[in-house]
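Written below as structure tokens is the structure these notes are about.
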Amino acid sequence: MDLKEFKASFFPLRDQLFRFANRYLHHEEEAADLVQDTFLKLWNKRATLDQVRNPETFAMTMVKNASIDQLRKRKVVRMEELKTDPTSNSNPHDRLEQSESYSLVRKAMDELPEQQQTLIQLRDIEGYEYEEIAEITGLTINTIRVNISRARGTIKSKLIKQEENELVQH
Amino acid sequence: MNWYNIEQILERYWEGNTTIDEEALLKKAFSQDKVPEHLLIYSAVFQVLKDKSSEKFPTTNFENSFNAAIETKKTNFRISHFLTYAAAVLILLTSTFFILKKPAPKYQALTANEMAVAQKYLGLMATNMEKSAAISTRNLNKFKLLNKGSDVLKVYENSYNKSMKNLQQVEQIDYSYKQLKHLKSIENNKIKS
């Protein structure tokens, strides 16, 4: 695989690789460095990349493993508080982002068990098929389905609970 | 937008039984302004997912960084190879220098007495060497004579062996002659009788 082919195959993945690394590291700078390192590692493996069945899941798996290694080095997993400042966002959904529901969903997602967060990231944010998620995570498809369902259920029930509380208060 | 259909899909979404396409449809539906009131609370879910999926790699000049990184790696690789070779050559040259370099002889002037003693012993050594040479020559001559004697002995031995063979032949002839004589006497006796 030459440089041109490599760039065409892997460069479009940089944002999702970054998001996936950040999902583990909760640190944008570290996640960006990790992704750059991953690209260099992939480049060094360019001679054998043609034999890889799915380069995208291969790259995601590399990012996952590197992120876990980095977390081990840190020893303490830092669970950063929600950084989002809804008032600074200027997209068309300003109103929604400023809402309590939006904050609650973000918080609920960040409070999910690590495995469920990873699975929601891969399915609902990156849009991977269950088979691809199984390849990346090493989990069975059934486990993935069950955990995704649980994660979504948790978020849903928190939203409903919040709505009920609001109704009671009014 | 068929919200009845969307609601059905949404129910399956919570249970984890939707396809990627159906999930994309949900994201699209909930990103619209006109979401039915009773479903509005779920808009936040799809808005958060959409926002999370829009997070970008922070470096804008990613390609340049990557190009620079692989170039640096190549250069580092070349430099490291050059340094390896340079180190090997340096070690080789240093080793050769120390191997070839012999310590310079240190001469020290001898005193008169030391010189006399040295001369005396050198003289004795020379005399002894001459004597040894003479003895060796004499022994060598003796050895040569012995060799010659040995050669002569071999000649005599050969002559003796030959003579012995001849003698044996003579003895055989003599025995045959006696046998013949005996047979003749028997024959004569027979004639006489």
Side-chain angles (χ1 to χ4, degrees), chain A residues 3 6-7 10-11 14-19 22-23 28-29 31-32 35-37 39-40 43-44 84 89 91-93 96-97 99-106 108-109 119-121 123-130 144-153 155-157 159-160 162-163 166, chain B residues 7 9-77:
Chain A
L3 188 58
F6 179 83
K7 285 181 178 177
F10 290 102
F11 275 27
R14 66 176 179 272
D15 291 333
Q16 70 197 62
L17 292 174
F18 164 72
R19 287 192 293 269
N22 202 25
R23 140 91 278 284
E28 288 192 358
E29 207 174 311
V35 170
Q36 279 196 323
D37 285 347
F39 270 87
L40 285 175
W43 173 247
N44 291 336
T84 312
N89 205 316
N91 68 36
H93 290 270
L96 179 60
E97 290 188 16
S99 74
E100 285 181 24
S101 299
Y102 185 89
S103 303
L104 183 136
V105 171
R106 287 204 78 122
M109 281 187 183
L119 296 175
I120 287 289
Q121 170 94 21
R123 179 69 183 190
D124 287 348
I125 297 171
E126 306 305 342
Y128 283 106
E129 295 287 353
Y130 287 120
I144 293 164
R145 275 185 190 279
V146 167
N147 277 284
I148 284 177
S149 171
R150 278 181 191 160
R152 287 171 180 170
I155 294 164
K156 184 190 175 189
S157 60
L159 277 170
I160 291 169
Q162 188 202 37
E163 195 186 37
E166 280 174 6
Chain B
E7 204 169 343
I9 298 170
L10 186 64
E11 281 310 308
R12 283 192 285 113
Y13 170 80
W14 300 125
E15 292 158 10
N17 291 325
T18 39
T19 64
I20 291 285
D21 290 341
E22 287 171 333
E23 286 162 22
L25 190 65
L26 287 177
K27 284 173 194 168
K28 193 181 169 189
F30 280 95
S31 69
Q32 289 182 359
D33 284 338
K34 290 179 181 176
V35 177
E37 189 71 28
H38 68 289
L39 298 177
L40 205 56
I41 57 162
Y42 304 125
S43 293
V45 175
F46 297 99
Q47 186 57 42
V48 169
L49 292 177
K50 190 184 170 192
D51 289 350
K52 278 183 176 272
S53 64
S54 310
E55 287 168 6
K56 300 278 180 200
F57 189 88
T59 315
T60 49
N61 55 352
F62 178 79
E63 189 166 351
N64 291 342
S65 307
F66 177 75
N67 289 341
I70 59 173
E71 270 308 308
T72 311
K73 199 157 189 182
K74 274 184 197 168
T75 314
N76 284 344
F77 180 73

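Quick caveat, the model's predicted, so the values are computed rather than measured.
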Heavy-atom cut-off 4.5 Å, strictly under: side chain, backbone, both or neither for Glu55(B) against chain A? both
Options Ile20(B), Val45(B), Leu26(B), ranked by heavy-atom pairs under 4.5 Å with chain A, top entry: Ile20(B)
Are the side chains of Lys52(B) and Arg106(A) in touch, meaning some heavy atoms are under 4.5 Å apart? yes
Part of Phe10(A) within contact of chain B (heavy atom distance under 4.5 Å): neither
Flag the pair Asp124(A) and Lys27(B) as a salt bridge only when some basic side-chain nitrogen lies within less than 4.0 angstrom of an acidic carboxylate oxygen. no
Need one label for Phe46(B): side chain, backbone, both or neither, based on atoms under 4.5 Å from any heavy atom in chain A. neither
What residue, out of Arg123(A), Glu126(A), Glu129(A), has the most heavy-atom pairs lying under 4.5 Å from chain B? Arg123(A)
Heavy-atom cut-off 4.5 Å, strictly under: side chain, backbone, both or neither for Glu163(A) against chain B? side chain
Find out whether the Lys NZ or Arg CZ of Arg152(A) is both under 6.0 angstrom from the six-membered ring centre of Tyr13(B) and within 45° of the ring's axis. yes
Please report whether the ring centroid of Phe11(A) lies less than 6.0 Å from that of Phe57(B). no
Leu3(A) versus chain B, heavy atoms under 4.5 Å apart: side chain, backbone, both or neither? side chain
Side chains of Asp51(B) and Gln47(B) only: does a donor on one sit below 3.5 Å from an acceptor on the other? yes
Answer with side chain, backbone, both or neither: which region of Tyr128(A) has an atom nearer than 4.5 Å to a non-hydrogen atom of chain B? backbone
Side-chain ion pair, Glu15(B) and Arg145(A), N-O less than 4.0 Å: no
